[in-house]
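Have a look at the structure below, then the notes.
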Protein chains: 2
Amino acid sequence: MLNYISEETHPAPVNLELLTERLKVLAEPKRLLIFNLLMEGVQCNCELGDSLQIPPNLISHHLSKLRAVGLVNVERDAVDSRWVYYSINRAALEELNAAFGAFFDPNRIQPRQPKCGPQALVIPSEISVAKK
Amino acid sequence: MLNYISEETHPAPVNLELLTERLKVLAEPKRLLIFNLLMEGVQCNCELGDSLQIPPNLISHHLSKLRAVGLVNVERDAVDSRWVYYSINRAALEELNAAFGAFFDPNRIQPRQPKCGPQALVIPSEISVAKK
DNA sequence: AATATAGTTCAACATATATTGAATTATATT
DNA sequence: AATATAATTCAATATATGTTGAACTATATT
C-alpha cells in the first residue's frame with residue numbers, strides 16, 4: 001500500500017486512498033458496462049452475461065470487485081434463492097460523485113508558483129519587495 | 001479493444017471508451033498524487049519528484065500517461081528549455097467532470113425490471129393486462 | 001433420490017503495466 | 001571544448017489482474 005506522505009504538505013480535498021480504490025475498480029471496460037446495465041435496473045448474473053456476451057463466472061468475478069468497494073449490493077430471491085440480484089448502492093454512488101467532483105473540480109486549478117527553474121531564482125525576491 | 005456491443009440496446013449517456021481510458025490513467029495512486037500537485041500549480045518534473053519521493057524517470061512515465069489522455073499539458077521554459085512545466089488541461093478536466101457526473105448520476109438508477117428469475121414468469125403478463 | 005439450475009470458487013494462464021537502473025538527448029554553464 | 005543539468009527513453013523485471021475451464025455449492029424440480 002502506498003504511503004500518501006505528501007498529504008501532510010499537500011492535503012487533497014478527499015480521501016485519496018478510497019477514491020483510487022474505487023476508480024481502479026471502475027476503470028475496466030467490462031465492469032463499466034456491467035455498471036451501466038445495473039444503473040438500468042438489470043440485476044441477475046444471467047441477464048448481465050447474456051447482454052454482454054460474457055460467461056457467468058467472469059460476471060461473478062467483476063461483480064465481486066464492484067461489491068468489494070461498496071458500489072454494488074447483493075440480494076437473493078425470496079422465492080427461489082438460486083437467483084441473485086445485484087443493484088447499485090446509491091449512497092456509495094453519491095459519495096463517489098461528491099468525492100470525484102471535489103477532487104477534479106476545475107476551480108481547484110492554481111496558477112504556476114515557480115519553486116524551480118530559472119524564474120524561481122528571480123521571483124521570490126520580487127515578491128518580498130512587492131509585499132513591503 | 002473491447003466491442004461496446006451493448007451500446008445498441010443499452011446506450012450509455014457518455015463515450016464509455018474515452019471515460020474508461022481516462023479513469024484507467026487516473027486510477028493509479030502515484031498518478032493521482034501527481035495530479036493533485038498539478039492542481040496546486042506545481043509543474044516541473046523535479047519538484048514533483050521531490051515532493052513525492054519518486055525518481056524523475058518514473059515521474060516522466062506517469063506524466064506521459066496523463067498527457068496521452070489529454071489531461072495534462074506540457075511547456076518548455078522560454079529562458080532555459082531544459083526545464084519542462086506541466087499543467088492541468090482545464091478543458092479536458094471539465095469534459096471529464098461532465099462525463100463522470102452524467103454517467104454516475106444517482107438519478108439514473110432505475111428500479112429492477114425482472115426479465116429473469118421466478119418473478120419474470122409472472123409480471124410480464126400482469127403488465128400486459130394492466131396496459132389494456 | 002436423482003437431476004437440473006444459478007451462481008461461485010479455484011488454479012492455471014495470459015496480459016498489461018508499474019518499477020528499476022542504465023543509456024541517451026538536449027540545452028546550459030564553466 | 002568539456003562538464004553539468006533536466007528530463008526522457010529503453011530494456012529488463014516485478015507485480016497485479018483479467019480470463020479460462022473445471023470443480024464445487026446450494027437450492028429447486030422431477
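Note on naming: letters A, B, ... go to the chains in the order of the sequence lines (proteins, then strands), and numbering restarts at 1 for each one.
Here the side chains of B/L66 and B/V25 are in contact, with some heavy-atom distance below 4.5 Å. Between B/L19 and A/L26 there is no side-chain heavy-atom pair separated by less than 4.5 Å.
Looking at which nucleotide of DNA chain C each of A/S64 and A/W83 is closest to, the 5′-most match is held by A/W83. In terms of position on DNA chain D, the residue among A/P55 and B/V84 whose nearest nucleotide sits closer to the 5' end is B/V84. Judged by closest nucleotide on DNA chain D, A/K24 is the one of A/K24 and A/R76 placed further toward the 5' end.
At least one side-chain nitrogen or oxygen of B/R31 sits closer than 4.0 Å to the OP1 or OP2 atom of C/dA18. Proximity of B/K65 to the phosphate of C/dA18: a side-chain N or O atom is located under 4.0 Å from OP1 or OP2. Within the structure, a side-chain polar atom (N or O) of B/H62 is placed less than 4.0 Å from OP1 or OP2 of C/dT19. The phosphate of D/dT19 (OP1 or OP2) has no side-chain N or O of A/H61 nearer than 4.0 angstrom. An OP1 or OP2 oxygen of C/dA4 is reached within less than 4.0 angstrom by no side-chain nitrogen or oxygen of A/R82. For A/K30, a side-chain nitrogen or oxygen approaches OP1 or OP2 of D/dT19 to under 4.0 Å.
For A/L63 and C/dT9, the CG to P distance is 11 Å, given to the nearest whole Å. Atom CG in B/L66 sits roughly 14 Å away from atom C1' in C/dA18 (whole-Å rounding). Atom-to-atom, CG of B/N57 to C1' of C/dT17 comes out at 15 Å; the value is rounded to the nearest Å. Between the CD1 atom of B/I59 and the P atom of C/dA18 there is a distance of 13 Å, rounded to whole Å. Taking atom CD on A/Q53 and atom P on D/dT20, their separation rounds to 13 Å, with Å as the unit. Rounded to an integer number of Å, the gap from A/D80 CG to C/dA6 P is 9 Å. One atom, OH of B/Y85, and another, P of C/dT27, lie 15 Å apart when rounded to the nearest Å. Distance CG (B/L33) to C1' (C/dA18): 15 Å, rounded to an integer number of Å.
By the salt bridge (Lys or Arg N to Asp or Glu O under 4.0 Å) test, B/D80 pairs with B/R82, sequence neighbours left out.
A/R108 places no side-chain N or O within 3.5 Å of a backbone atom of B/M39 that could act as its donor or acceptor partner.
A chain of hydrophobic side-chain contacts below 4.5 Å, direct or via other Ile, Leu, Val, Met, Phe, Trp or Tyr residues, connects B/F104 to A/V42.
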Subject >> Derivation and outcome, side chain to side chain donor-acceptor pair (under 3.5 Å), residues A/N73 and A/R90 >> reply: CA-CA 9 Å; A/N73 296 324; A/R90 190 183 185 106; over 6 Å; no

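Listed by residue number, B/C44, B/N45, B/C46 are the residues of residues 38-47 of chain B with a heavy-atom contact under 4.0 Å to DNA chain D.
Sulfur-sulfur distance for B/C46 and A/C116: not below 2.5 Å, with no disulfide indicated.
Rounded to the nearest 0.5 Å, atoms CG (A/L96) and CG (A/L23) are 6.5 Å apart.
When heavy atoms are screened at a 4.0 angstrom cut-off, B/V74 is found touching no nucleic acid atom at all.
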